[in-house]
Asks: 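Here's a structure for you.
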Protein chains: 2
Amino acid sequence: MRAVPSHATLTDVAREARVGTTTVSRVINGGERVSPATLERVQKVIQRLGYQPNHAARILKGESTRTLGLIVPSVADSFFSTCAEAAQKVSRLHHFLLIVTSSNNHGPTELENLNVLIQHRVDGVLIAPAVSHNKELVEVLKRTAIPVVSFDRPIYNSSVPSVVSNNYKGAWEATRHLLSHGYKRIICFGFKGEDSLYTIKERIRGYRQAIKEAKLTAEVDMSISDCESAELAVRTHLQGPNPPDAIFALKNLATIYTCEALQKMDIPVPATIALIGFDDFELASTLNPSITVVKQQIEQIGEVATTLLFEQVKARKKSGVRGSQNERNSETTRLETELILRNSCGCGRR
Amino acid sequence: MRAVPSHATLTDVAREARVGTTTVSRVINGGERVSPATLERVQKVIQRLGYQPNHAARILKGESTRTLGLIVPSVADSFFSTCAEAAQKVSRLHHFLLIVTSSNNHGPTELENLNVLIQHRVDGVLIAPAVSHNKELVEVLKRTAIPVVSFDRPIYNSSVPSVVSNNYKGAWEATRHLLSHGYKRIICFGFKGEDSLYTIKERIRGYRQAIKEAKLTAEVDMSISDCESAELAVRTHLQGPNPPDAIFALKNLATIYTCEALQKMDIPVPATIALIGFDDFELASTLNPSITVVKQQIEQIGEVATTLLFEQVKARKKSGVRGSQNERNSETTRLETELILRNSCGCGRR
DNA sequence: CTGAAAGCGCTTACAG
DNA sequence: CTGAAAGCGCTTACAG
């Protein structure tokens, strides 16, 4: 017995089965051009040894790794974990493995993750970029032979196609809806440090546009980070000289913390202040009042992005050419959002 | 220009820098025993070519892959995505990559994932096994040289250590708490098809024990799968000959759907029926009434399991021996749960 | 139907 | 400080 048995190799199998390595290789890869008797004998040995081909050796021979990489800010965020699940579903259909990494919305970590994925020679990368303007990322992407698709956020000045929600329109519609209820002082609540996120900027842009069309004054508060900060923000604004009569929360957690704060402070919604949030969430319809939200097609974002990526992967494999020919794929797919009317905006109860 | 430029190789770098491959290898691996001048020249070429070492070739040379595999039922489940995030954090600290795969609680898919991870020669595997009694899984595990730690659920008849919550005690305490409020007809709500899950069985066992100690009758309804089925279950039981006065929901989604159903049917909680759920969840404290829950230390489960796995990985690497010596690690780490008292159980409002 | 041999891109004694 | 050469575990023309 050897000291470190480690894994059985193809050569081990060949020796035990008394055949050449070529034959074993054929057996593993479908058994073409192998006699039934040999096939069976080799398969028995494979079974007995618990042989699993060494993926690394295959890659070295230029085989596809049949692996996709995914880079998201956080897998604990329900938006991204839903995308990841969708990406995994599509990957499995293609018999691909998905490597999930998280960047914490931190540029350097993201770049590091990308390099690790490149070292693993993944066949393609899905990325929700931490920063949409990122020269270094664009440089690495330009140099790599690997197809990339971004989702939730685009990558500017790159040839990378992206799949995003129509954040601008969704926010515009939500704000318009609040205006239609007669609210005049609508304030925007966002997360601390997320001013520069593409999605947030787009939503603010939509909000501002609607406010502008109504000839009212826009106000954005990006100080939310937890329930306490939401409470502080609400209190501050309500006690100010020109208190708001409605809140537009820019993302799921901002909405949730705002709900918790309003509830804790016993502020009647929508009587004293109305609320619409971007992103639907579990229990939004069960809260009292139920919360009106802008719903994104999250699964579809993950699904469409992954499907798009596979198209590129397959195309590349076929043509054997890389780089320049995907320049023309630099398109943005925009998925529409849906305004789900519940009670927090002032719409009547069923 | 070549037709398929693909990736630059170490040999490319060596040629361009007019050095041997050994030297380039040294530069990539820390630059020991390389003169400063050479070091700089080689690094410049690496930069210029955007060279990234081929991970596969390193593995072939017996290097560690610096990769861990994770198998969970679903990354979209907040419990598991929280575990995954924790595992990723710990992995990153060790400069390891984490490959996340999902099994859908489906034995064959799980086994397939495990085999793919073995093919990738990951240095260790974290798994929340779909089925705790799984002979085939145990067989594969026994044969493989790779360290494995299970979490959330153990793997029976194997030498795999596991990290789980004290589900039994948590459920027993929750039931006892309901009993202390004077409820006599406490019913258990669980998810369809999850009767055989370790965690669920443990929780039911704790519930039954508490009921038995109170000399009352236990009843378990495993028909929940969404809001509608929860509504049906609630209606059926309330209209029955011996209507319940309290519900113990066996996991997060069961609690959430039950809340939605009760709210939709306008059933006063806890007046008509009280509720305690296993697993805390976002907004549990904001619902009206707020929901009393058994809280698990989710991050810790992921963290402890990953740390345990790294200990094994490092030990293996050092000793160079495998298999038998980890038999004695077959221990179960049990993390305590916490009963968070809110209003749905009948405890007074603040 | 079958197999010997070359080679993928690295690392590592070994010799200088 | 530096490099030629062997070899990791596969796949694949090529020859039979």
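We use all heavy atoms of the structure for the numbers below, so side chains are in, but hydrogens, waters and symmetry mates are not. Small disclaimer: the values here were computed from a predicted structure and weren't measured. Every chain is numbered from 1 and lettered A, B, ... according to where its sequence line falls, protein lines coming before strand lines.
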Asks: Rounded to the nearest Å, what distance is computed from the CD atom of residue A:Glu63 to the C1' atom of nucleotide C:dG9?
Replies: 16 Å

Asks: Without hydrogens or angle criteria, can the side chains of A:Ser25 and A:Thr22 be said to hold a donor-acceptor pair below 3.5 Å?
Replies: no

Asks: Protein-nucleotides 2-6 of chain C N/O pairs closer than 3.5 Å?
Replies:
| residue | atom | partner | partner atom | Å |
| --- | --- | --- | --- | --- |
| C:dT2 | OP1 | A:Ser35 | OG | 3.2 |
| C:dT2 | OP1 | A:Thr38 | OG1 | 2.5 |
| C:dT2 | OP2 | A:Ser35 | N | 2.9 |
| C:dT2 | OP2 | A:Ser35 | OG | 3.4 |
| C:dT2 | OP2 | A:Thr38 | OG1 | 3.2 |
| C:dT2 | O4 | A:Arg33 | NH1 | 3.2 |
| C:dG3 | OP2 | A:Gly20 | N | 3.0 |
| C:dG3 | OP2 | A:Thr23 | OG1 | 2.7 |
| C:dG3 | O6 | A:Arg26 | NH2 | 2.6 |
| C:dA4 | N6 | A:Thr22 | OG1 | 2.4 |

Asks: Give a yes/no on whether any side-chain N or O of B:Arg58 is located under 4.0 angstrom from OP1 or OP2 of C:dC10.
Replies: no

Asks: Parallel, tilted or perpendicular for B:Tyr156 and B:Tyr198, by the 30°/60° rule?
Replies: perpendicular

Asks: Would you kindly give the CD-to-P distance between B:Gln119 and D:dT11, to the nearest whole Å?
Replies: 10 Å

Asks: A side-chain contact here means heavy atoms from C-beta on lying under 4.5 Å apart; do A:Asn54 and B:Gln119 qualify?
Replies: no

Asks: For atom P, what is the distance between D:dA6 and D:dT2, given to the nearest Å?
Replies: 23 Å

Asks: Heavy atoms only: give me the nearest B:Val27-B:Ile46 pair and the separation to one decimal.
Replies: CG1-CD1, 4.2 Å

Asks: Please report the distance, rounded to the nearest Å, between CD1 in A:Ile28 and C1' in D:dC10.
Replies: 8 Å

Asks: Show me the dot-bracket string of DNA chain D, counting Watson-Crick or G-U pairs under 3.5 Å, with | for pairs to another strand and [ ] for crossing ones.
Replies: |||.||||||||.|||

Asks: For A:Gln52 versus B:Arg121, what's the shortest heavy-atom pair and its separation?
Replies: O-NH2, 3.0 Å

Asks: Mind calculating the distance between CD1 (A:Ile59) and C1' (C:dC10) to the nearest angstrom?
Replies: 13 Å

Asks: Rounded to the nearest angstrom, tell me the gap between atom CG in A:Leu10 and atom C1' in D:dG7.
Replies: 16 Å

Asks: In whole Å, I'd like the distance from the CG atom of A:Asp12 to the P atom of D:dC10.
Replies: 8 Å

Asks: Assess whether salt bridge (charged side-chain N to carboxylate O under 4.0 Å, His left out) is satisfied between A:Glu299 and A:Lys89, documenting all intermediate values.
Replies: CA-CA 10 Å; A:Glu299 288 88 354; A:Lys89 235 171 235 162; over 6 Å; no

Asks: Apply salt bridge (charged side-chain N to carboxylate O under 4.0 Å, His left out) to the pair A:Lys44 and A:Glu40, showing each step before the final yes or no.
Replies: CA-CA 6 Å; A:Lys44 279 233 174 84; A:Glu40 201 193 317; 3.1 Å; yes

Asks: Just checking, any donor-acceptor pair under 3.5 angstrom between side chains of A:Ser64 and A:Asp123?
Replies: yes

Asks: Just how far, in rounded Å, is P of C:dG9 from CG of A:Asn54?
Replies: 16 Å

Asks: Please name the pair of heavy atoms, one in B:Thr306 and one in B:Ser91, separated by the smallest distance, quoted to 0.1 Å.
Replies: CG2-OG, 4.1 Å

Asks: When the distance from CG of B:Leu60 to C1' of D:dT11 is rounded to whole Å, what number comes out?
Replies: 12 Å

Asks: D:dC10, OP1 or OP2 - any side-chain N/O from A:Ser25 closer than 4.0 Å?
Replies: no

